[in-house]
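As a basis for the values below, the full set of heavy atoms in this structure was taken, side chains included, without hydrogen atoms, waters or symmetry mates. Throughout, residue positions are numbered sequentially from 1 according to the sequence presented.
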Amino acid sequence: MNNRPTVLVTGGAGFIGSHTCLELLEHDHDVVVIDNHSNSSPGALDRVRKLAGRPLPAYEVDIRDRDALGEVFAAHRIDAVIHFAAKKAVGESMQIPLSYYDTNVGGTATLLRVMQAHDVQQLVFSSSCSIYGEAEQLPLDEQSPANPTNPYARSKWICEQMMADACTRYPDLGIIALRYFNPVGAHPSGELGEDPSGVPNNLMPYMAQVAVGRLDEVAVFGADYPTPDGTCIRDYIHVVDVADGHRLAVEHLGDETGMRVLNLGTGVGVSVLELVTAFSAASGTPLPHRIAGRRPGDVAELVADPSRVEQAWGWRTTRDLTAMCADAWRFQQLNPAGYGG
Ligand code: NAD
Ligand code: WQD
């Protein structure tokens with residue numbers, strides 16, 4: 001037996017989850033994973049075990065399966081939970097909205113019930129900048145109004161509200177919702193990264209697959225936005241910084257009870273064309289790209305005001321755009337077909 005805190009990570013085999021498991025193991029936490037692998041490979045967890053040199057128990061469990069989840073809580077003394085398990089594709093959420101509410105909202109309610117049954121009071125939740133929708137004012141701080149514009153974003157907003165209600169009713173609960181902006185990049189070892197199934201929806205993995213020859217060219221979705229170069233601006237944040245933010249959140253869960261909401265972003269806006277240029281520099285070859293029409297639902301600009309998390313924990317991101325591109329490229333080069341390759 002040891003006195004290390006044990007963190008249950010739901011969705012721990014996914015892009016952000018796998019990096020967070022490694023970060024926790026490297027900082028002397030014990031970690032238990034549940035994942036149904038609907039959007040991930042168990043191979044990601046083998047890589048985490050290898051990099052950390054430590055055991056990582058994992059269970060193939062659906063977050064909506066209350067009995068199976070309860071068995072995991074019964075088998076381990078869980079101190080805190082990080083809840084990543086969710087469906088996350090905005091476009092798909094408009095096609096199958098009920099499935100999104102079932103997994104994202106229903107799964108989160110099930111998790112909270114099981115935590116309650118096992119007297120686990122501490123939770124870090126994956127929220128999203130997408131709950132802000134079209135920004136009225138930039139940068140976006142946590143007081144900015146929520147205006148989710150699709151079922152995925154609404155599911156995250158509903159979860160935040162459900163958690164605030166739970167914290168009001170159960171004063172021992174402590175929940176931190178982290179609203180991340182655009183997580184990209186990969187672990188610098190090249191062992192962990194983003195391995196989306198099918199054709200990537202997101203810009204960074206799409207660029208990486210063009211660079212490695214799996215896709216022909218990048219379509220830049222719109223060059224007529226009211227931004228300096230006409231392309232959309234986002235706040236890209238290195239996934240290792242996101243993982244580091246989760247580890248710190250776990251370590252600060254005991255500071256106070258109730259619900260806290262924090263942005264995780266850099267505060268720096270980068271346009272699509274700037275990202276294409278940065279990735280071309282990282283890969284050493286100009287990335288083939290063409291200007292295409294706007295993608296429905298995109299907004300011109302989303303940039304975080306990350307000052308609340310800095311004031312709370314003295315934490316800020318440390319990895320820049322060059323590192324984000326270099327690390328994403330390294331993972332893609334070393335794993336041209338992803339974890340399955
Ligand atoms: P991901 O798809 O790589 O990881 C999610 C993991 O959850 C996957 O391993 C998947 O298999 C698992 N999962 C899905 N449904 C499940 C279910 N019913 N039961 C058990 N496991 C299930 O996604 P990610 O990018 O790592 O995102 C992690 C979390 O962060 C998600 O909640 C997502 O909504 C949120 N988020 C992501 C981004 C982003 O741009 N990547 C931005 C903001 C918020
Ligand atoms: C970035 C920019 C596109 C692909 C998404 C979710 C959001 C959050 C973060 C989960 C946009 C442009 C993209 C391409 C392009 N995730 N683009 N060509 O849409 O900002 O945010 O991830 O919570 O909810 O919506 O990220 O990477 O899809 O797009 O020009 O092939 O790249 O128009 O401006 P997005 P993205």
Side-chain angles (χ1 to χ4, degrees), residues 15-16 86-94 100 104 125-160 177-185 194 196 200-207 218-239 241-242 245 261-279 291-310 316-317 319-321 324-325 328:
F15 172 46
I16 306 171
K87 295 168 82 70
K88 65 159 184 175
V90 170
E92 185 186 59
S93 80
M94 294 189 274
Y100 270 67
N104 295 8
F125 174 64
S126 284
S127 190
S128 168
C129 67
S130 61
I131 68 160
Y132 294 120
E134 186 89 56
E136 285 170 16
Q137 214 180 332
L138 289 166
L140 288 152
D141 66 25
E142 294 82 352
Q143 310 293 336
S144 305
N147 181 24
T149 57
N150 56 69
Y152 164 73
R154 264 189 291 279
S155 75
K156 291 289 175 180
W157 178 229
I158 293 168
C159 285
E160 282 199 19
L178 298 175
R179 294 177 179 166
Y180 344 130
F181 279 64
N182 286 55
V184 296
E194 191 167 10
N201 295 309
N202 299 113
L203 180 57
M204 184 68 100
Y206 199 100
M207 290 193 307
V218 178
V220 174
F221 294 147
D224 58 349
Y225 285 96
T227 60
D229 67 16
T231 65
C232 291
I233 291 176
R234 296 289 182 270
D235 185 335
Y236 298 96
I237 175 171
H238 197 296
V239 66
D241 278 329
V242 176
V261 177
L262 297 164
N263 284 340
L264 286 190
T266 65
V268 177
V270 172
S271 76
V272 174
L273 288 178
E274 285 170 337
L275 195 62
V276 167
T277 301
F279 197 92
I291 306 299
R294 291 184 178 197
R295 182 172 68 175
D298 278 343
V299 299
E301 190 166 353
L302 283 177
V303 179
D305 175 348
S307 53
R308 183 184 281 185
V309 68
E310 187 174 353
R316 56 188 310 161
T317 57
R319 294 157 182 90
D320 64 10
L321 196 62
M324 296 179 212
C325 293

Step by step, work out the side chain to side chain contact (heavy atoms under 4.5 Å, CB included) result for E142 and V309. CA-CA 10 Å; E142 294 82 352; V309 68; 5.7 Å; no
(Q) Quick one, D229 with S271, criterion side chain to side chain contact (heavy atoms under 4.5 Å, CB included). Give me CA distance, side-chain angles, the key distance, then yes/no. (A) CA-CA 8 Å; D229 67 16; S271 76; 2.6 Å; yes
| field | side chain to side chain contact (heavy atoms under 4.5 Å, CB included) assessment of E134 paired with T149 | value | CA-CA 8 Å; E134 186 89 56; T149 57; 5.8 Å; no
Trace of the side chain to side chain contact (heavy atoms under 4.5 Å, CB included) decision for L302 with D235: CA-CA 6 Å; L302 283 177; D235 185 335; over 6 Å; no
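Counting only distance, with no hydrogens or angles, the side chain of N150 and the backbone of S93 share no donor-acceptor pair below 3.5 Å. Not a single donor-acceptor pair under 3.5 Å links the side chain of N263 to the backbone N or O of P306. Using a distance-only test at 3.5 Å, with no hydrogens or angles considered, no donor-acceptor pair links the side chain of N202 to the main chain of M204.
Put simply, CD on E136 and CG on N147 are 7.5 Å apart, with the number rounded to the nearest 0.5 Å. The CG atom of N182 lies 9.5 Å from the OG1 atom of T266; values are rounded to the nearest 0.5 Å. One distance of note links OG of S128 with OH of Y180; it measures 9.0 Å at 0.5 Å rounding. Atoms CZ and CG, on R316 and L264 in that order, are 13.5 Å from each other to the nearest 0.5 Å. A distance of 8.5 Å separates OG of S127 from CG of L178, quoted to the nearest 0.5 Å. Put simply, CD1 on I237 and CG on L321 are 12.5 Å apart, with the number rounded to the nearest 0.5 Å.
Closest heavy-atom contact between C232 and R234: CB-NH1, 3.8 Å. Shown here for T317 and G265, the closest heavy-atom pair between the two residues is CG2-O, 3.7 Å. Contact detail for Y206 and P200: the closest heavy-atom pair is CD1-O, 3.4 Å. Taking every heavy atom of both residues into account, V242 and P183 meet most closely at CG2-CB, 4.1 Å. A pairwise comparison of heavy atoms in S155 and N104 identifies OG-ND2, 3.1 Å as the closest pair. The heavy-atom pair separating T227 from A300 by the smallest distance is CG2-O, 4.1 Å.
Every residue two or more places apart in sequence or in another chain that forms a side-chain contact (heavy atoms from CB on, under 4.5 Å) with E92 is listed here: K87, A89, I96, Y100. Scanning for side-chain contact (heavy atoms from CB on, under 4.5 Å) contacts around L203 gives M207, V218, Y236, V272, L275, with sequence neighbours left out.
Classification of R308 and D141 as a salt-bridged pair fails, no side-chain N sitting under 4.0 Å from a carboxylate O.
Here salt bridge (charged side-chain N to carboxylate O under 4.0 Å, His left out) pairs that include residues 143-160, with residues two or more places apart or in two chains, are E160-R179.
Side-chain atoms of I233 and Y225, non-hydrogen and from C-beta on, never get closer than 4.5 Å to each other. Taking 4.5 Å as the limit, every side-chain heavy atom of V299 sits out of range of all side-chain heavy atoms of Y132.
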